[in-house]
Amino acid sequence: EDNDLNREIALELLKMAGITVDCARDGREAVDKFLSCRERYDLILMDVQMPVMDGYQATDAIRKSEHPRARTIPIVAMTHEDVMRAYSAGMNGHIAKPIDQKVLYQVISETMAGQR
C-alpha cells in the first residue's frame with residue numbers, strides 16, 4: 001500500500017487480529033521482499049494501484065519467479081477495481097477499498113483455509 005493513511009489503517013486492523021505484518025511502498029519492493037525470503041510470508045495483500053510497479057505487474061513477477069512458493073503463495077488484491085481482473089492476473093482473492101474490517105478478516109481466513 002503506497003497511501004500512508006490506508007497503510008496505517010490496514011496495519012492496525014491486521015495487528016488487532018494478531019497478524020504479523022511487513023509492508024512495501026510499491027510493487028517492486030513487494031516483489032523484492034517476497035523473493036528474498038524462502039518461507040517468511042503466508043499471504044500477500046496486494047494493492048493494485050502502486051507506483052514503480054503496479055499490483056498486477058508485481059503479481060505477475062511473483063508468479064513467474066523461481067521462488068519455491070511463487071505459484072502457491074496466496075495473493076489478495078486490495079482495490080476498488082474490477083474483481084475479475086484481479087483473478088485473471090493470478091490473484092486468489094479480492095478486498096474492496098475502502099477496507100471493511102469484517103470482510104478483511106473473512107477473506108484472509110477463507111484464503112488461508114484454502115491453503116491447508
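The model shown is predicted, which means the values in this text are computed figures rather than measured ones. Nothing fancy with the numbering, it's 1 onward along the sequence.
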Quick check against the 3.5 Å criterion: does N92 have a side-chain atom that pairs as donor or acceptor with the backbone of I75? yes
CG on L13 to NZ on K102, rounded to 0.5 Å: 14.5 Å
CD1 of I9 to CG of D4, rounded to nearest 0.5 Å, is 11.0 Å
Look at atom CZ of R25 and say whether more than 12 heavy atoms of other residues, nucleotides or ligands are closer to it than 6.0 Å. no
Can you establish whether the number of heavy atoms outside M16 located under 6.0 Å from its atom CE is more than 12? yes
Is V83 linked to M91 within one hydrophobic cluster, defined over Ile, Leu, Val, Met, Phe, Trp and Tyr using a side-chain heavy-atom separation of less than 4.5 Å? no
Do L5 and L104 share a hydrophobic cluster (ILVMFWY, side-chain heavy atoms under 4.5 Å, transitive)? yes
Do I19 and I108 have side chains that get closer than 4.5 Å, going by heavy atoms? yes
Centres of the H94 and Y87 rings: under 6.0 Å? no
Do any pairs count as a side-chain hydrogen bond (donor to acceptor under 3.5 Å, both in side chains) and have a residue in residues 46-57, sequence neighbours left out, and if so which ones? D47-K97, Q49-E81, Y56-E81
Quick one: are I73 and L43 in side-chain contact, heavy atoms under 4.5 Å? no
Are any non-hydrogen side-chain atoms of I44 and V76 less than 4.5 angstrom apart? no
Which atom of D26 lies closest to which atom of P51, heavy atoms considered: CB-O, 3.1 Å
Check whether any side-chain N or O of Y105 sits under 3.5 Å from a backbone N or O of L14 as a donor-acceptor pair, and report yes or no. no
Are any side-chain N or O atoms of H67 and backbone N or O atoms of C37, one a donor and one an acceptor, separated by less than 3.5 Å? yes
Work out which heavy atom in A10 is nearest to a heavy atom in M78; give both atom names and the distance. CB-CE, 4.5 Å
Shortest non-hydrogen separation from R63 to T72 and the atoms involved: NH1-N, 4.0 Å
Nearest heavy-atom contact between A61 and V31 is CB-CG2, 4.0 Å
Minimal non-hydrogen separation, I62 against A70, with atom names: O-CB, 3.1 Å
Determine the minimum heavy-atom distance between P74 and M112, stating which atoms define it. CG-SD, 4.4 Å
Qualifying residues under salt bridge (Lys or Arg N to Asp or Glu O under 4.0 Å), relative to D22, sequence neighbours excluded: K33, R40
Test your reading of the model: is there a side-chain donor-acceptor pair from R69 to the backbone of E39, 3.5 Å cut-off? no
Kindly indicate, with the supporting measurements, whether the criterion side-chain contact (heavy atoms from CB on, under 4.5 Å) is fulfilled by E29 and D32. CA-CA 5 Å; E29 184 180 347; D32 290 345; 5.6 Å; no
